[in-house]
Amino acid sequence: MTNHTSPERDASRGTLIVFEGGDGSGKSTQAQRLATRLDAVFTREPGGTPIGDLIRSLVLDPDHTELADRTEALLMAAARAQHVDELIEPSLRAGRHVVSDRYVASSLAYQGVGRGLGVDVIAELNRFATDGLMPDLTVFLDADPMAARDRLGSDLDRIENAGAALGEQVVDTYRMLAAADPEGWVVIDANGTIDEVGDRVDAALGARLGL
Ligand code: TYD
């Protein structure tokens, strides 16, 4: 997969940095921390826009047990399309850096592999949804899935309810995606304190993007 870090990329354009990780990996905390340091636009998926937040509450509601896997994949993609058009792309064009807590790789991991819909079909769906917008860098916070699950507590959303098997598949998929695209991804050891992990994130951003 290509990204936007090629030498000819427009210098006046902002940078899109995405955080990925399993549930309870601490990625939301780290994504917010980085956004504050860079004075970047902070956003999250599913969500990031009023329409996206409506889709989020629909798709994560634990009462919606009848939601089909294909419906879930399409709703994630629909929220993302709105997110790209309404927030991410205009912000990048205005020269702002954008830090997003989750993006396309979440759908590859959760819907493509976790739900068994297939990585290729979900990738294709997301090329349409994003109009081809890829992150400049995806930061994968790699935490032990069992330890991360302990951190989650008992107030689980509909997808977290799907359990430990999905959690392990998700983490394995991120590891595979990161290994297949070392230019586009950086893997951070997510075990440690917020400051320890944050220092690793900062070092990686400096080395990879000069930020
Ligand atoms: P998130 O708010 O990141 O939850 P947490 O920070 O607790 O991990 O994500 C909500 C859930 O949505 C999470 O279980 C992962 C899932 N998800 C998908 O299944 N596919 C997607 O494309 C996205 C963006 C999220």
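These numbers were taken from a predicted model, which means no experiment stands behind them. Counting starts at 1 for both ligands and their atoms, in listed order.
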Engineer: Check whether any side-chain heavy atom of T138 lies under 4.5 Å from a side-chain heavy atom of L177, and answer yes or no.
Structural biologist: no
Engineer: Considering the heavy atoms of Q111, write down every atom of ligand 1 situated less than 4.0 Å from one of them.
Structural biologist: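 Those qualifying, in numeric order: 18 (C), 19 (O), 20 (N), 21 (C), 22 (O).
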Engineer: Classify the ring geometry of F140 against W185: parallel below 30°, tilted from 30° to 60°, perpendicular beyond 60°.
Structural biologist: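 Aromatic pair F140/W185 classed perpendicular.
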Engineer: Regarding atom 23 (C) of ligand 1: of the candidates G21, S25, S106, which has the closest heavy atom?
Structural biologist: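 Nearest option to atom 23 (C) of ligand 1, by heavy atoms: S106.
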Engineer: When only distance counts, is Y110 in polar contact with ligand 1, meaning an N/O pair under 3.5 Å?
Structural biologist: no
Engineer: Could you tell me if the side chain of R175 sits less than 4.5 Å from the side chain of V187, heavy atoms only?
Structural biologist: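 Side-chain contact under 4.5 Å: no.
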Engineer: Among protein heavy atoms, which lies nearest atom 16 (C) of ligand 1, and at what distance?
Structural biologist: I159 CD1, 3.7 Å
Engineer: Answer yes if V121 and Y110 sit in the same cluster of Ile, Leu, Val, Met, Phe, Trp and Tyr residues linked by side chain heavy atoms under 4.5 Å apart, and no otherwise.
Structural biologist: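 Yes; Y110 is reachable from V121 via cluster members.
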Engineer: Holding to ring pair (Phe, Tyr, Trp, His ring centres under 6.0 Å), I want the full list of residues that pass it with Y103, two or more places apart in sequence or in another chain.
Structural biologist: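 Once residues adjacent in sequence are excluded, Y103 has no partner under the ring pair (Phe, Tyr, Trp, His ring centres under 6.0 Å) criterion.
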Engineer: Find out whether S107 and E45 are in side-chain contact, i.e. whether some heavy atom of one side chain is under 4.5 Å from a heavy atom of the other.
Structural biologist: no
Engineer: Quick test of your reading of the structure: of L60, D101, N126, whose heavy atom lies closest to atom 10 (C) of ligand 1?
Structural biologist: L60
Engineer: Heavy-atom contacts with R80 under 4.0 Å: which atoms of ligand 1 show up? List them by number with element.
Structural biologist: 21 (C), 22 (O), 24 (C)
Engineer: Quickly, which of R96, R80, R13 forms a salt bridge (charged side-chain N to carboxylate O under 4.0 Å, His left out) with E89? Name it, please.
Structural biologist: R13
Engineer: Do R56 and ligand 1 have an N or O pair less than 3.5 Å apart?
Structural biologist: yes
Engineer: Counting only heavy atoms closer than 4.0 Å, does ligand 1 sit against the backbone of M76, its side chain, both, or neither?
Structural biologist: side chain
Engineer: Should the pair D10-R93 be classified as a salt bridge under the 4.0 Å nitrogen-to-oxygen rule?
Structural biologist: no
Engineer: Which bit of V104 is near ligand 1, meaning a heavy atom under 4.0 Å away: side chain, backbone, both or neither?
Structural biologist: neither
Engineer: Considering non-hydrogen atoms of the protein only, which is the closest contact for atom 1 (P) of ligand 1, and what is the distance?
Structural biologist: R102 NE, 3.5 Å
Engineer: Any atoms of ligand 1 less than 4.0 Å from a non-hydrogen atom of S28? List them with their elements.
Structural biologist: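 Ligand 1 atoms under the 4.0 Å threshold to S28: 6 (O).
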Engineer: I'd like to know whether CD1 of I194 has more than 12 heavy-atom contacts from other residues, nucleotides or ligands below 6.0 angstrom.
Structural biologist: no
Engineer: Would S107 count as a polar contact of ligand 1, with the cut-off being nitrogen or oxygen pairs under 3.5 Å?
Structural biologist: yes
Engineer: Just wondering, are more than 12 heavy atoms of other shown residues or ligands nearer than 6.0 Å to CZ in R37?
Structural biologist: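 Atom CZ in R37 is packed in, count exceeds 12.
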Engineer: Mind listing the closest non-hydrogen atom pair of A109 and T173 along with its distance?
Structural biologist: CA-CG2, 3.8 Å
Engineer: Just jot down the ligand 1 atoms closer than 4.0 angstrom to any heavy atom of E45, in number order.
Structural biologist: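 So the atoms of ligand 1 that pass are 24 (C).
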Engineer: Heavy-atom contact check, 4.0 Å cutoff: does K27 meet ligand 1?
Structural biologist: yes
Engineer: So which protein heavy atom does atom 13 (C) of ligand 1 come closest to, and at what separation?
Structural biologist: D23 OD1, 3.2 Å
Engineer: Out of all atoms in ligand 1, which are within 4.0 Å of some heavy atom of D157? Include the element for each.
Structural biologist: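 Those qualifying, in numeric order: 10 (C), 11 (C), 14 (O).
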Engineer: Identify, for atom 7 (O) of ligand 1, the protein heavy atom at the shortest distance, and state residue, atom and that distance.
Structural biologist: E160 OE2, 3.0 Å
